[in-house]
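Step one of this worksheet: look at the structure below.
Throughout, a chain's letter reflects where its sequence line sits, starting with A, and its residues are numbered from 1.
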Number of protein chains: 2
Amino acid sequence: MSKGLTTKDIILKSAFELTSKFGLESLSIGELAKTVGMSKSGLFSHFKSKEKLQMMVMDYAAQSFVDKVVRPAIEKERGIPRIRALMDNWKSWSSSYLPGGCPFLSAIVEFDDRPGKVRDHILNHQSTMIDTFERAVKVAQEEKQLGPSLNTEHIAYEIYSNMIGFHIYNRLLKNKAAEDMFEKTFQTILERSSV
Amino acid sequence: MSKGLTTKDIILKSAFELTSKFGLESLSIGELAKTVGMSKSGLFSHFKSKEKLQMMVMDYAAQSFVDKVVRPAIEKERGIPRIRALMDNWKSWSSSYLPGGCPFLSAIVEFDDRPGKVRDHILNHQSTMIDTFERAVKVAQEEKQLGPSLNTEHIAYEIYSNMIGFHIYNRLLKNKAAEDMFEKTFQTILERSSV
DNA sequence: AGTATTTTAGCACGATCGTTCGGTCAGTCA
DNA sequence: TGACTGACCGAACGATCGTGCTAAAATACT
């Protein structure tokens with residue numbers, strides 16, 4: 001492992017945290033260099049454009065999501081326990097590893113009218129994330145814990161909407177009942193879908 | 001009505017559209033001046049800081065939401081038809097009057113880690129919006145179209161989450177089934193809540 | 001040890017940011 | 001008619017933006 005890789009990781013970790021708090025567009029190279037304690041140009045030479053930095057930050061975020069949310073969930077038993085674990089892991093991920101809001105959500109919102117490589121990159125990651133939910137639902141279906149005829153894409157949509165709704169209620173609105181409503185809605189989705 | 005008021009409205013309309021596309025932070029005074037065809041300083045003198053401009057843009061957005069979504073819905077009969085109208089009006093509002101994404105959503109996401117007057121302002125508007133949903137649900141309850149014991153705050157949460165989820169699926173992910181899933185989820189929320 | 005390669009800093013560039021200032025021009029009212 | 005007001009512009013400010021160039025410092029390799 002070369003020194004460069006380590007430095008790059010330190011930079012990306014800081015960039016990830018700044019993105020969580022202020023978004024991908026507000027992430028500036030000068031500010032980032034200041035927080036990691038190196039020169040603007042020294043930092044810049046690791047990436048070679050802001051676009052590449054932004055995409056690497058999203059990769060870093062995706063990696064973090066896979067490590068802390070998806071992988072531990074896959075080790076749980078197939079079916080509903082695995083879906084349950086995805087929800088739990090995601091909640092602890094966003095409370096323990098994100099100093100601000102969800103970097104995917106802000107990236108989506110910021111870039112949905114900015115066509116280009118960064119937008120496509122974000123879209124890819126987000127699709128993968130939703131696919132993960134849908135696959136977990138399908139597995140529960142195979143395990144006969146969920147009805148055989150239900151629309152798995154729709155269930156994934158409802159799970160996703162519930163997560164985003166919770167995230168906004170919890171973070172911006174600071175609504176005390178957010179977690180409770182999130183749980184109740186999640187339970188309802190499952191019950192309505194069970195055999 | 002003075003000339004200034006008219007000009008200010010033109011500016012705010014443009015600012016509203018730019019915000020819808022690129023967010024409240026990316027809204028720059030120079031760019032805005034260019035799109036409305038006046039000088040940066042001439043435009044600036046109408047607001048007196050970027051903060052005030054941002055807050056006025058949010059006011060403009062809220063006014064537009066009330067005019068196009070809330071008020072027409074209130075003219076419908078009390079109860080479920082009114083909730084239905086809120087959903088329909090909101091969908092046509094975001095497709096007909098927004099050149100980009102929902103300005104409230106982007107503002108929320110951008111500012112939830114930027115304490116200050118702008119953040120508080122956004123929070124106020126968003127709370128009002130959610131209150132509107134909750135009140136419509138309560139009215140349906142009074143009309144005995146929805147169960148007497150249900151948690152109206154929770155229903156408003158589910159309606160809101162469904163809207164945000166649809167918005168993201170529809171706009172960023174360009175998912176063809178987005179509208180269909182939105183409708184099905186909305187129906188489910190109502191059916192589950194009816195007496 | 002000395003050489004080659006990578007990593008970092010320094011400096012500068014053109015552009016744009018929000019903001020201020022001085023001034024012009026039209027309209028209002030005494 | 002003359003004083004005053006408000007809308008608007010052009011120029012400029014200090015700061016910061018992303019991005020190059022060059023050279024020094026640090027590291028890896030022989």
Review point. Checking salt bridge (charged side-chain N to carboxylate O under 4.0 Å, His left out) for the pair B:Lys13/B:Glu17: CA distance, chi angles, key distance, verdict?
Key: CA-CA 6 Å; B:Lys13 186 176 190 304; B:Glu17 289 167 358; 3.0 Å; yes

Using whole Å, report how far [atom1] of [X] lies from [atom2] of [N].
X: A:Leu43; N: C:dG10; atom1: CG; atom2: P; result: 14 Å
X: B:Leu53; N: C:dT19; atom1: CG; atom2: C1'; result: 13 Å
X: B:Phe44; N: D:dA11; atom1: CZ; atom2: C1'; result: 16 Å
X: B:Phe47; N: D:dC8; atom1: CZ; atom2: P; result: 11 Å
X: A:Gln54; N: D:dC17; atom1: CD; atom2: C1'; result: 13 Å
X: B:Glu25; N: C:dC17; atom1: CD; atom2: P; result: 13 Å
X: A:Leu32; N: D:dT16; atom1: CG; atom2: P; result: 16 Å
X: B:Lys50; N: C:dT16; atom1: NZ; atom2: P; result: 15 Å

Exercise for review: Tell me which of A:Met38 and B:Gly30 sits closer to the 5' end of DNA chain C, going by the nucleotide each one is nearest to.
Suggested key: A:Met38

Practice item. Take A:Lys34 and A:Glu51, find for each the nucleotide of DNA chain D with the closest heavy atom, and name the residue whose nucleotide sits nearer the 5' end. Key: A:Lys34

Point to revise | Toward the 5' end of DNA chain D, by each residue's nearest nucleotide, A:Lys48 or A:Ser28 | key: A:Ser28

Check your understanding: If we ignore angles and hydrogens, is there a donor and acceptor under 3.5 Å between the side chains of A:Asp67 and A:Gln63?
Key -> yes

Exercise for review: For A:Glu158 and B:Asn162, test the side chains for any donor-to-acceptor distance below 3.5 angstrom and give the result as yes or no.
Suggested key: no

Given [options], which nucleotide is nearest the side-chain atoms of [X]?
X: B:Ile29; options: D:dG10, C:dT19, D:dT19; answer: C:dT19
X: A:Lys40; options: D:dC8, D:dG18, C:dG18; answer: D:dG18
X: B:Ser49; options: D:dA7, D:dG10, C:dT19; answer: C:dT19

Practice item. Assert yes or no for the condition that the ring centre distance of A:Tyr169 to B:Tyr160 is strictly below 6.0 Å. Key: yes

Once you apply a heavy-atom cut-off of 4.0 Å, does [X] come out as touching a base, just sugar-phosphate, or nothing?
X: B:Leu27; answer: sugar-phosphate
X: A:Ser41; answer: base
X: A:Ser45; answer: base

Check your understanding: Donor-acceptor pair, A:Thr128 side chain versus A:Asn124 backbone, under 3.5 Å?
Key -> yes

Check your understanding: Does A:His46 have a side-chain nitrogen or oxygen under 4.0 Å from the phosphate oxygens OP1 or OP2 of C:dT8?
Key -> yes

